[in-house]
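Values below: all heavy atoms of this structure, side chains included; hydrogens, waters and symmetry mates excluded. Keep in mind the model is a prediction, meaning the values are calculated, not measured.
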Amino acid sequence: MSAHVLVLGGTTEARELAAELTARPGVRVTTSLAGRVARPSAVAGGMRVGGFGGARGLADWLRDQDVTALVDATHPFAERITANAARAATATGVPLVVLRRPGWQPGPDDRWHPVPSLDAAADLLPGLGQRVLLTTGRLGLAAFARLTRLHFTVRSVDPPEPPVPPHLRVLLARGPFTVADETALLREHRIDVLVTKDSGGSATSAKLTAARELGLPVVVVRRPPLPEGVSPVPDVTSALERLGPL
């Protein structure tokens, strides 16, 4: 029998894992994307777009499609998807691997302000600066809409939808970006504080280096906790080892 692996994706690691798995004889891979980006990057193997209808819907899909292994390689802040994956795996007995790149760690010259949520980041901002670079994603802008005296620059793959802050400049761009790119952006828009989520990895870390070199404060939103009993792996190699021969 051939194996069928469902990868809950959207991250660089998800695409890398799908490519590795599809290269194996007898392994079928389906990568599922939430559909939040209008033009997602290509993935190896099959792809589906959209939700499953919660944990129960995901469990039904795992059974209907004869899935033999489930990999949650979503963004570290996709809390609901991760919780649904854990419940669906328990309900069906399908093995679950959670792939999470390690979070960032501040260096001695970093001016980081860790916070537990976007709302907490918004509460902190007025005391840190007036011109903000927001790199927390277009779906979380409502948390900052009440900050009417601050000027925001937001970088996003797709245009954001209301509610948004009244003083908002949107830059449509897809990374990765170099340190030189980020430094130029911070200087051009006269940014005096950066807000980011602790996404981890190297693809989006250049902004942290640029902020450090310019001496800017950085508000870092901490990751939500993983479901109880879930032990993540840090990279694609570890995920392949956890999956085994299939």
Side-chain angles (χ1 to χ4, degrees), residues 1-89 91-101 137-140 155-161 172-176 197 199-204 226 230 232-246:
M1 292 179 60
S2 62
H4 183 192
V5 181
L6 174 63
V7 179
L8 305 178
T11 60
T12 301
E13 291 85 358
R15 291 193 296 275
E16 292 176 355
L17 180 64
E20 291 282 351
L21 289 172
T22 54
R24 293 184 176 186
V27 176
R28 172 188 170 202
V29 180
T30 302
T31 298
S32 177
L33 305 177
R36 293 177 176 174
V37 176
R39 295 179 299 278
S41 301
V43 296
M47 182 173 68
R48 69 176 301 278
V49 178
F52 292 92
R56 181 176 296 180
L58 175 55
D60 290 341
W61 201 93
L62 296 177
R63 297 187 187 99
D64 293 343
Q65 299 297 319
D66 295 322
V67 173
T68 52
L70 172 62
V71 180
D72 173 12
T74 56
H75 193 276
F77 284 81
E79 185 175 9
R80 182 179 299 178
I81 298 175
T82 296
N84 287 341
R87 288 196 291 267
T92 60
V94 173
L96 170 66
V97 176
V98 176
L99 171 54
R100 286 292 182 275
R101 68 185 78 131
R138 64 186 176 91
L139 299 180
R155 187 168 58 203
S156 176
V157 176
D158 296 313
E161 298 179 358
L172 297 181
R174 188 193 296 267
K197 292 178 177 179
S199 301
S202 60
T204 59
L226 289 169
V230 171
V233 296
D235 52 41
V236 171
T237 299
S238 300
L240 292 169
E241 292 174 354
R242 181 76 63 91
L243 286 169
L246 294 173

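Applying the salt bridge (charged side-chain N to carboxylate O under 4.0 Å, His left out) test to Arg28 and every residue at least two apart in sequence or in another chain returns nothing. Scanning for salt bridge (charged side-chain N to carboxylate O under 4.0 Å, His left out) contacts around Asp60 gives Arg63, with sequence neighbours left out. Annotation: salt bridge (charged side-chain N to carboxylate O under 4.0 Å, His left out) contacts of Arg15 (sequence neighbours excluded): none. For Ala14, the side chain to side chain contact (heavy atoms under 4.5 Å, CB included) test picks out Val7, Thr11, Ala73, with sequence neighbours left out.
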Next item on the list: Assess whether side chain to side chain contact (heavy atoms under 4.5 Å, CB included) is satisfied between Leu6 and Val94, documenting all intermediate values.
Entry: CA-CA 10 Å; Leu6 174 63; Val94 173; over 6 Å; no

Next item on the list: With side chain to side chain contact (heavy atoms under 4.5 Å, CB included) as the test, would you mind laying out the steps for Thr74 and Arg100 before giving the verdict?
Entry: CA-CA 8 Å; Thr74 56; Arg100 286 292 182 275; 3.3 Å; yes

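With contacts defined as side-chain heavy-atom distances shorter than 4.5 Å, the pair Thr68/Asp66 does not qualify. In this structure the side chain of Arg138 never reaches within 4.5 angstrom of the side chain of Pro159, judged on heavy atoms. For the pair Trp61/Ser32, no side-chain contact is recorded, criterion being any heavy-atom separation below 4.5 Å from C-beta on. Ser202 places none of its side-chain heavy atoms less than 4.5 Å from the side chain of Arg101. Under the 4.5 Å side-chain criterion, counting only non-hydrogen atoms from C-beta, Leu17 is not in contact with Val5.
A donor and an acceptor atom, one from each side chain of Asp158 and Ser156, are nowhere located under 3.5 Å apart.
Closest approach of Ala85 to Leu70, counting heavy atoms only: O-CD2, 3.9 Å. Shown here for Ala18 and Ala44, the closest heavy-atom pair between the two residues is CB-O, 3.8 Å. For the pair Pro76 and Ser199, the tightest heavy-atom approach, listed with the atom from each and the gap, is CG-O, 3.6 Å.
Going from atom CG of Leu96 over to atom CZ of Arg87 covers 12.5 Å, rounded to the nearest 0.5 Å. Separating the CG atom in Leu21 from the CD atom in Glu16 is a distance of 12.0 Å, to the nearest 0.5 Å.
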Review item, side-chain donor-acceptor pairs of residues 236-246, under 3.5 Å, at least two apart:
{"from": "Ser238", "atom 1": "OG", "to": "Asp235", "atom 2": "OD1", "distance (Å)": "2.7"}
{"from": "Arg242", "atom 1": "NH1", "to": "Ser231", "atom 2": "O", "distance (Å)": "3.3"}

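Contacts classified as salt bridge (Lys or Arg N to Asp or Glu O under 4.0 Å) and involving residues 47-59 (residues at least two apart or in different chains) are not found.
Considering Asn84, Leu99, Val98, Leu226 as possible partners of Asp72, the one that fulfils the side chain to side chain contact (heavy atoms under 4.5 Å, CB included) test is Val98.
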